[in-house]
Q: 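Here it is, the structure, as structure tokens.
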Amino acid sequence: MGYATSLEARIARKTTRAITDFEMIEDGDRVMVGLSGGKDSWALIQMLSVLQKRAPIDFSIVAVNVNSGYTNFRHDLVTKACAERGWELHVEHTNIGATIDDILDDGETPCSLCARLRRGVLYRLAKSVGATKIALGHHLDDFVETVLLNLFFQGSLKAMPARLVSDNGQHIVIRPLVYVTEAEARAYAQESALPIIGCCCPACGDLSLKRQRIKRLISDLEVEHPEIKNSMIKALSHVVPSHLLDKRLQPTRDLSPVALAKVDPERLDVQPLTLFTRADLSSGALAKGDLV
């Protein structure tokens with residue numbers, strides 16, 4: 001069975017690679033898709049629906065739309081599109097928008113708080129719909145933008161995980177579009193005739209937001225270096241800990257019991273030398289077969 005278009009085939013290859021690389025979906029999974037009605041979540045559920053028919057494993061899909069309570073949000077279009085395609089959908093009406101207005105001070109950006117509140121709703125709904133995985137529509141651009149946002153403005157070197165186990169261990173969040181660009185997701189949603197709608201948040205699309213500034217920066221760099229985003233996503237999977245400044249990643253200067261007591265042996269691939277110092281090694285006090 002061939003794919004409908006060359007674009008669909010390309011996105012299918014990238015999504016399949018991500019699912020395989022990070023062991024995102026297993027036989028018997030019930031995957032809950034966070035369906036906002038934006039281009040990215042539409043591209044995600046459309047692609048998962050395509051792969052569901054081809055995969056060598058069985059898994060089901062349920063879409064969840066979290067309505068933040070903003071006026072004029074067209075959840076009816078989401079409901080109609082899902083019904084036409086036979087996709088199971090649950091719409092959750094909330095007052096997240098009003099809550100954000102009450103909490104935030106004037107001039108503060110609501111996006112981060114909104115994302116946390118919506119994530120809490122998704123975690124709650126995952127249990128009620130029997131989901132084993134929560135799939136979100138973050139794409140390659142989101143990953144590279146996030147690493148720069150954290151680097152420039154938060155003083156940390158991190159992006160977002162392709163597969164995340166929640167702090168309480170009860171939920172697994174997956175991002176199958178990690179290798180798919182924003183442009184590809186947009187084109188695929190449009191090609192699939194899916195109704196792309198905004199969240200109706202007043203801050204949506206604000207060009208002064210930090211993420212929008214990062215988008216413009218990367219776009220400018222792409223003019224001279226078209227492969228820059230692919231290079232950045234590759235860098236996130238080719239980390240060299242020894243060349244960073246985090247002291248937790250650096251080898252100890254002395255294999256002393258005090259220093260080694262700070263190392264978690266369960267996170268090492270070899271057994272730690274907890275009984276010996278560097279002096280023991282250099283003096284020949286240990287026999288050749290003592291180290292394993």
Side-chain angles (χ1 to χ4, degrees), residues 14-38 40-49 51-52 55 57-69 75 78 82 87-97 99-100 103 110-143 145-147 149-150 154 156 158-180 185 199 201 236-237 264 266-267:
K14 293 183 175 184
T15 305
T16 300
R17 179 159 65 94
I19 291 173
T20 302
D21 284 352
F22 301 101
E23 300 179 349
M24 294 184 182
I25 300 177
E26 302 166 284
D27 191 47
D29 267 340
R30 180 162 169 79
V31 181
M32 187 183 86
V33 178
L35 184 61
S36 67
D40 308 327
S41 59
W42 277 129
L44 173 61
I45 191 171
Q46 175 67 31
M47 179 47 57
L48 289 180
S49 179
L51 294 179
Q52 183 186 33
I57 60 174
D58 292 323
F59 66 94
S60 60
I61 301 170
V62 54
V64 168
N65 175 255
V66 179
N67 180 356
S68 297
H75 59 81
V78 176
C82 288
W87 295 336
E88 182 181 350
L89 172 68
H90 176 85
V91 178
E92 183 74 3
H93 297 279
T94 73
N95 61 351
I96 288 177
T99 301
I100 291 174
I103 294 176
C111 302
S112 178
L113 176 58
C114 180
R116 291 197 300 272
L117 293 175
R118 293 168 67 89
R119 182 70 57 83
V121 174
L122 290 177
Y123 281 171
R124 174 172 56 81
L125 292 176
K127 184 176 182 179
S128 67
V129 301
T132 57
K133 301 286 173 59
I134 302 172
L136 303 179
H138 296 112
H139 44 63
L140 184 150
D141 293 56
D142 289 321
F143 277 76
E145 289 163 11
T146 299
V147 75
L149 280 167
N150 285 321
Q154 298 297 325
S156 62
K158 65 177 182 179
M160 57 179 71
R163 184 182 189 275
L164 170 71
V165 179
S166 63
D167 292 340
N168 61 12
Q170 295 182 4
H171 305 287
I172 299 176
V173 177
I174 59 175
R175 297 177 169 97
L177 300 185
V178 55
Y179 299 139
V180 177
C199 66
C201 169
L236 292 179
S237 60
D264 181 4
E266 293 184 1
R267 301 188 67 179

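Only this structure's heavy atoms are used, side chains among them; waters, hydrogens and symmetry mates stay out.
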Q: Looking at Ile45, is its backbone amide N or carbonyl O close enough to the side chain of Ser49 to form a donor-acceptor pair, meaning the two atoms are under 3.5 Å apart?
A: no
Q: Among residues at least two apart in sequence or on other chains, which ones pass side chain to side chain donor-acceptor pair (under 3.5 Å) with Asp58?
A: none
Q: Going through the checks in order, is the side-chain contact (heavy atoms from CB on, under 4.5 Å) test met by Trp87 and Ile61?
A: CA-CA 8 Å; Trp87 295 336; Ile61 301 170; over 6 Å; no
Q: Supply the atom-to-atom distance Arg163 CZ to Ile25 CD1, rounded to the nearest 0.5 angstrom.
A: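 So the gap between those two atoms works out to 11.0 Å.
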Q: Please name all residues satisfying side-chain contact (heavy atoms from CB on, under 4.5 Å) with Asp21, sequence neighbours left out, ordered by chain then number.
A: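 Counting only residues at least two positions away or on another chain, Asp21 forms a side-chain contact (heavy atoms from CB on, under 4.5 Å) with Arg17, Tyr179.
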Q: Using 0.5 Å steps for rounding, measure from the CD1 atom of Ile174 to the CE atom of Met32.
A: 10.5 Å
Q: Please report the shortest heavy-atom distance between Leu236 and Ala159, naming the atom on each side.
A: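 What the structure gives for the nearest pair is CD1-CB, 3.8 Å.
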Q: Taking all heavy atoms of Gly38 and all of Ser36, pick out the closest pair and write down the distance.
A: N-OG, 3.1 Å
Q: Distance check, rounded to the nearest 0.5 Å: Ile57 atom CD1 versus Leu51 atom CG?
A: 10.0 Å
Q: Quick one: CD1 on Ile19 to NZ on Lys14, what's the gap to the nearest 0.5 Å?
A: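 Rounded to the nearest 0.5 Å, the CD1-NZ separation comes out at 14.5 Å.
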Q: With a 6.0 Å cut-off (strictly less than), is the heavy-atom count around CG of Asp167, excluding the residue itself, greater than 12?
A: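 12 or below, so no.
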Q: Can you list the residues that meet the side-chain contact (heavy atoms from CB on, under 4.5 Å) rule with Ser156, with sequence neighbours excluded?
A: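 side-chain contact (heavy atoms from CB on, under 4.5 Å) list for Ser156, sorted by chain: Asn150, Gln154, Lys158.
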Q: List in chain and number order the residues that pass side chain to side chain donor-acceptor pair (under 3.5 Å) with Gln46, two or more places apart in sequence or in another chain; answer none if no residue qualifies.
A: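 With sequence neighbours excluded, Gln46 shows a side chain to side chain donor-acceptor pair (under 3.5 Å) to no residue whatsoever.
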Q: Using side-chain contact (heavy atoms from CB on, under 4.5 Å) as the criterion, list what pairs up with Asn168, not counting sequence neighbours.
A: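 Expected list: Ser166, Gln170, His171.
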Q: With sequence neighbours excluded, tell me which residues meet salt bridge (charged side-chain N to carboxylate O under 4.0 Å, His left out) with Asp29.
A: Lys133
Q: Taking distance alone, no hydrogens or angles, what donor-acceptor pairs closer than 3.5 Å link side-chain atoms of residues 122-129 to residues at least two apart or in another chain?
A:
{"from": "Arg124", "atom 1": "NH1", "to": "Glu92", "atom 2": "OE2", "distance (Å)": "3.4"}
{"from": "Arg124", "atom 1": "NH2", "to": "Glu92", "atom 2": "OE2", "distance (Å)": "3.1"}
{"from": "Ser128", "atom 1": "OG", "to": "Leu125", "atom 2": "O", "distance (Å)": "2.8"}

Q: Please report the interatomic distance CG(Leu164) to CZ(Arg119), rounded to the nearest 0.5 Å.
A: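 One finds 7.0 Å between CG of Leu164 and CZ of Arg119.
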Q: Check side chain to side chain donor-acceptor pair (under 3.5 Å) between Thr15 and all other residues, then give those that pass, not counting sequence neighbours.
A: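 Not a single residue meets the side chain to side chain donor-acceptor pair (under 3.5 Å) criterion with Thr15.
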Q: Among all residues two or more places apart in sequence or in another chain, which pass the salt bridge (charged side-chain N to carboxylate O under 4.0 Å, His left out) test with Glu88?
A: Arg30
Q: With His138, which residues qualify under side chain to side chain donor-acceptor pair (under 3.5 Å), at least two apart?
A: Arg175
Q: What's the spacing between Thr146 OG1 and Asp142 CG if we round to 0.5 Å?
A: 6.0 Å
Q: Report yes if the side chains of Asp40 and Leu44 come closer than 4.5 Å at any heavy-atom pair, otherwise no.
A: no
Q: Do Val78 and Leu35 have side chains that approach each other closer than 4.5 Å (heavy atoms only, starting at C-beta)?
A: yes
Q: Evaluate the side-chain proximity of Val165 to Ile172: yes if any heavy-atom separation is below 4.5 Å, no if none is.
A: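 They are in side-chain contact.
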